[in-house]
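Working notes for the structure below.
Counting starts at 1 for both ligands and their atoms, following the listed order.
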Amino acid sequence: MRVLILGPQGSGKGTQAARIAETYGVPHVATGDILRSAVADGTELGRRVEPILDRGDLVPDDLMIRLIRECLERVDGFVLDGFPRTVPQVEALDVMLDEIEKPLDVVLLLEVPDDIAVERLLERGAVEHRADDEPEAIRNRLRLYHQLTEAVVEHYRSNGTLVTVAGDQSVEEVWASIEDALTKVRA
Ligand code: AMP
């Protein structure tokens with residue numbers, strides 16, 4: 001099973017991706033988590049990306065593409081979460097998956113209105129104290145999503161792999177819609 005999950009920050013995609021990974025026994029490849037653990041470990045990569053993450057800006061495409069290639073080469077199935085976020089990233093992913101002969105089975109889009117996404121992120125910021133869940137960084141991340149990542153959504157909408165799921169429901173309701181979509185893919 002090779003799944004890509006898209007959606008704005010606060011759409012609940014991290015939670016749902018983790019559940020897909022657990023249910024279908026595939027690794028959850030979450031670029032945000034990989035970068036945050038590099039920051040926590042104080043690696044060279046972590047030191048380089050820390051200020052970018054704190055501002056809610058995007059890490060340069062070439063660095064992200066290299067990072068994701070290393071991850072995907074090592075696994076067969078996966079749930080990819082947080083990548084691609086830009087047109088150069090989606091183009092690189094297409095070429096890469098073609099080269100390693102691991103095409104995506106499905107692309108899920110979790111849709112939520114901005115006001116709900118902001119509300120959820122502010123709540124998470126209060127609990128987890130993530131620097132990028134401060135109001136200024138939240139606004140920046142959602143702005144970048146609309147400005148850059150919506151083109152990624154359109155790329156998959158036009159090639160027919162996109163399945164849209166309403167993300168402004170309870171975690172269980174969203175999960176039921178996702179399971180339904182994944183069952184159809186496997187059928
Ligand atoms: P996330 O947890 O997916 O919201 O990612 C947290 C942060 O990591 C983002 O705000 C970006 O700074 C960085 N990041 C994660 N994935 C990417 C990506 N594909 N391209 C650029 N930056 C990324």
CD/E179: more than 12 non-hydrogen atoms of other groups inside 6.0 Å: yes

With a 3.5 Å cut-off and sequence neighbours excluded, list the donor-acceptor pairs that the side chains of residues 71-80 form with protein atoms.
{"unit_1": "R74", "atom_1": "NE", "unit_2": "E70", "atom_2": "O", "d": "3.3"}
{"unit_1": "D76", "atom_1": "OD1", "unit_2": "R2", "atom_2": "NH1", "d": "3.4"}

Considering residues, nucleotides and ligands other than R55, do more than 12 of their heavy atoms fall under 6.0 Å from its CZ? yes

Put together the list of close N/O pairs, under 3.5 Å, between ligand 1 and the protein, could you?
{"unit_1": "ligand 1", "atom_1": "2 (O)", "unit_2": "R36", "atom_2": "NH1", "d": "3.0"}
{"unit_1": "ligand 1", "atom_1": "2 (O)", "unit_2": "R36", "atom_2": "NH2", "d": "3.1"}
{"unit_1": "ligand 1", "atom_1": "3 (O)", "unit_2": "R85", "atom_2": "NH1", "d": "3.2"}
{"unit_1": "ligand 1", "atom_1": "3 (O)", "unit_2": "R85", "atom_2": "NH2", "d": "3.2"}
{"unit_1": "ligand 1", "atom_1": "4 (O)", "unit_2": "R85", "atom_2": "NH2", "d": "3.1"}
{"unit_1": "ligand 1", "atom_1": "12 (O)", "unit_2": "D57", "atom_2": "O", "d": "2.5"}
{"unit_1": "ligand 1", "atom_1": "16 (N)", "unit_2": "T31", "atom_2": "OG1", "d": "2.8"}
{"unit_1": "ligand 1", "atom_1": "16 (N)", "unit_2": "G82", "atom_2": "O", "d": "3.3"}
{"unit_1": "ligand 1", "atom_1": "16 (N)", "unit_2": "R85", "atom_2": "NH1", "d": "3.0"}
{"unit_1": "ligand 1", "atom_1": "19 (N)", "unit_2": "G82", "atom_2": "O", "d": "2.9"}
{"unit_1": "ligand 1", "atom_1": "19 (N)", "unit_2": "Q89", "atom_2": "OE1", "d": "3.0"}
{"unit_1": "ligand 1", "atom_1": "20 (N)", "unit_2": "Q89", "atom_2": "NE2", "d": "3.0"}
{"unit_1": "ligand 1", "atom_1": "22 (N)", "unit_2": "V59", "atom_2": "N", "d": "3.1"}

Does the side chain of L6 reach to within under 4.5 Å of the side chain of K13, using non-hydrogen atoms? no

Can you find a side-chain donor-acceptor pair between T43 and D41 that sits under 3.5 Å? no

Inspect the surroundings of CD in E136 and state if more than 12 heavy atoms from other residues, nucleotides or ligands are less than 6.0 Å away. no

